[in-house]
Amino acid sequence: MTEKGKVRVVVVGANGRMGREVVRTVVKDPGLQLVGAVDRSVEKEDVGVVLGLGETGVYFSDKLGETLLKSEADVIIDFTTPNVVRDNIYTSLEYGVRPVVGTTGIPQEDLQAWDRILQDKGIGGLVAPNFAIGAILMMKFAAQAARYLPHVEIIEMHHDQKLDAPSGTAIKTAEMIVKERQRMVQGHPDEEEKLAGARGADFEGMKIHSVRLPGYVAHQEVILGGIGQTLTIRHDSISRESFMPGVAMAAKKVMEFTGLVYGLENLID
Ligand code: NAP
């Protein structure tokens with residue numbers, strides 16, 4: 001089953017919206033080899049047949065540990081849910097398999113703990129709240145602009161099945177912005193919310209607003225205000241394919257470094 005020179009990948013959450021797209025990407029990428037597909041509540045069928053890709057010889061499983069043991073995987077790519085990703089990562093670390101994680105809603109403490117384990121084991125891992133190159137650029141440009149226009153509000157818009165709010169991308173954007181501007185309080189010091197939540201979530205004085213509606217995939221606007229002007233930086237993922245070049249790149253690059261990298265921007269110039 002093992003093909004020389006290819007990175008052996010187990011996709012976790014393989015029957016989800018993102019997971020299915022990841023399976024398609026891995027099957028088509030000449031540098032990657034699909035060696036496992038894990039999801040819960042799935043029939044043990046050939047994943048390629050289920051996704052209309054033809055036979056792959058890889059069958060859906062609901063047991064990650066067993067799949068890692070049998071498949072001799074190099075990498076797991078996890079797009080599951082905030083409540084199960086933690087267990088999945090600890091399982092992959094136990095088997096010495098590098099995690100590439102797109103699942104959002106992971107606390108900072110977990111990232112630090114995983115980094116220590118990865119360093120000890122001498123292998124790499126990547127957690128990226130957003131794998132779309134346009135979104136990485138949007139975050140970088142917003143952080144750059146906040147040096148000159150430090151009053152910022154972030155509005156993120158996602159489909160209404162998303163479990164966590166605000167999005168991982170919005171939090172990452174805010175983290176990048178606070179590295180570039182002084183801590184400050186925005187708006188009128190005496191402002192009062194007549195309806196709780198009207199001013200959004202607070203991140204070191206910056207406001208984050210989450211919109212959830214059917215029809216959206218993943219979108220974000222960063223609005224920066226100055227005297228007599230505003231600057232709006234917007235990114236739209238209009239299909240889940242937008243994330244796939246970043247996911248494929250991460251699955252290969254994670255073989256080359258040690259410890260945890262947080263954010264795809266750290267793998268590109
Ligand atoms: P989704 O469609 O709900 O997919 C999640 C999949 O994980 C489902 O098939 C679910 O199965 C499965 N699952 C749940 N518990 C599991 C377990 N214990 N073991 C194995 N599989 C399990 O969600 P999605 O839209 O694909 O999004 C997945 C995650 O990716 C979310 O956190 C989202 O925010 C994130 N995301 C990240 C990016 C990025 O660029 N980083 C982009 C888009 C989305 P059931 O259906 O049976 O529950």
Side-chain angles (χ1 to χ4, degrees), residues 10-25 36-45 47 50-51 59-68 73 76-92 97 99-107 110-111 125-139 156-173 210-220 235-251 254 260-268:
V10 169
V11 180
V12 191
N15 202 32
R17 284 173 290 250
M18 287 295 288
R20 285 172 163 246
E21 208 55 56
V22 174
V23 167
R24 286 192 188 96
T25 300
V38 176
D39 207 299
R40 61 174 187 185
S41 40
V42 279
E43 300 295 327
K44 296 188 175 35
E45 292 174 76
V47 60
V50 174
L51 298 194
Y59 290 78
F60 273 121
S61 162
D62 57 2
K63 293 185 180 59
L64 178 58
E66 195 179 278
T67 305
L68 294 179
I76 67 161
I77 301 179
D78 186 293
F79 280 92
T80 56
T81 60
N83 59 329
V84 302
V85 60
R86 204 162 181 268
D87 285 350
N88 294 342
I89 301 314
Y90 280 111
T91 305
S92 84
V97 177
V100 169
V101 183
T103 308
T104 50
I106 298 171
D110 282 345
L111 301 181
L126 175 99
V127 174
N130 203 312
F131 280 97
I133 182 72
I136 305 300
L137 294 172
M138 174 263 298
M139 290 188 259
E156 55 96 342
M157 294 141 275
H158 281 82
H159 60 88
D160 63 347
Q161 298 305 301
K162 186 167 173 60
L163 293 174
D164 53 317
S167 70
T169 306
I171 294 172
K172 179 76 177 162
T173 308
S210 298
V211 180
R212 298 288 176 266
L213 284 172
Y216 280 135
V217 177
H219 316 255
Q220 181 167 295
H235 176 260
D236 297 275
S237 273
I238 54 176
S239 93
R240 292 184 173 80
E241 283 169 273
S242 62
F243 305 111
M244 293 306 123
V247 172
M249 181 187 82
V254 75
L260 189 80
V261 169
Y262 172 51
L264 194 72
E265 66 279 9
N266 297 304
L267 297 190
I268 52 185

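Counting convention: from 1, in listed order, for ligands and their atoms alike.
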If you measure from each non-hydrogen atom of [X] to ligand 1, which part falls under 4.0 Å: side chain, backbone, both or neither?
X      : result
Lys162 : side chain
Ala135 : neither
Thr104 : both
Ala128 : backbone

Quick one, Phe60 and Val23 - any side-chain contact, counting heavy atoms below 4.5 Å?
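Heavy-atom side-chain distance check fails, nothing below 4.5 Å.
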Validation: residues 239-246 side-chain donor-acceptor distances under 3.5 Å, sequence neighbours left out:
from: Ser239; atom 1: OG; to: Glu241; atom 2: N; distance (Å): 3.2
from: Ser242; atom 1: OG; to: Ser237; atom 2: OG; distance (Å): 2.9
from: Ser242; atom 1: OG; to: Ser239; atom 2: O; distance (Å): 2.9

Is any N or O atom of Arg40, backbone or side chain, closer than 3.5 Å to an N or O atom of ligand 1?
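Min N/O separation from ligand 1 is below 3.5 Å for Arg40.
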Just go through [options] and tell me whose heavy atom is the nearest to [atom].
atom                    : options                     : result
atom 29 (C) of ligand 1 : Val11, Thr80, Asp78         : Thr80
atom 18 (N) of ligand 1 : Asn83, Val84, Asp87, Val217 : Val84
atom 8 (C) of ligand 1  : Asp39, Val85, Val100, Leu64 : Asp39

Picking from Asp87, Thr80, Thr81, what satisfies side-chain hydrogen bond (donor to acceptor under 3.5 Å, both in side chains) with Asn83?
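Considering Asp87, Thr80, Thr81, a side-chain hydrogen bond (donor to acceptor under 3.5 Å, both in side chains) with Asn83 is found only for Thr81.
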Which of the atoms in ligand 1, numbered in the order shown and given with their element, are less than 4.0 Å from a heavy-atom of [X]?
X      : result
Phe131 : 39 (C), 40 (O), 41 (N)
Gly16  : 2 (O), 4 (O), 6 (C), 8 (C), 9 (O)
Asn15  : 9 (O)

Considering only non-hydrogen protein atoms, determine which one is nearest to atom 1 (P) of ligand 1 and report residue, atom name and distance to 0.1 Å.
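Here the nearest protein heavy atom works out to Arg17 NH2, 3.6 Å.
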Indicate whether the side chain of Ser210 and that of Lys162 have a donor and an acceptor atom separated by less than 3.5 Å.
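No donor-acceptor contact under 3.5 Å links the two side chains.
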Going by distance alone, is a donor N or O of one side chain under 3.5 Å from an acceptor N or O of the other, for Ser61 and Glu66?
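No, no side-chain donor-acceptor pair sits under 3.5 Å.
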Is there a protein heavy atom at a distance of less than 4.0 Å from atom 46 (O) of ligand 1?
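It does not; no protein heavy atom is within 4.0 Å.
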Acceptor/donor pairs from residues 11-21 side chains to any protein atom, 3.5 angstrom cut, sequence neighbours excluded:
from: Asn15; atom 1: OD1; to: Arg20; atom 2: NE; distance (Å): 2.9
from: Asn15; atom 1: OD1; to: Arg20; atom 2: NH2; distance (Å): 2.8
from: Arg20; atom 1: NE; to: Asn15; atom 2: O; distance (Å): 3.4

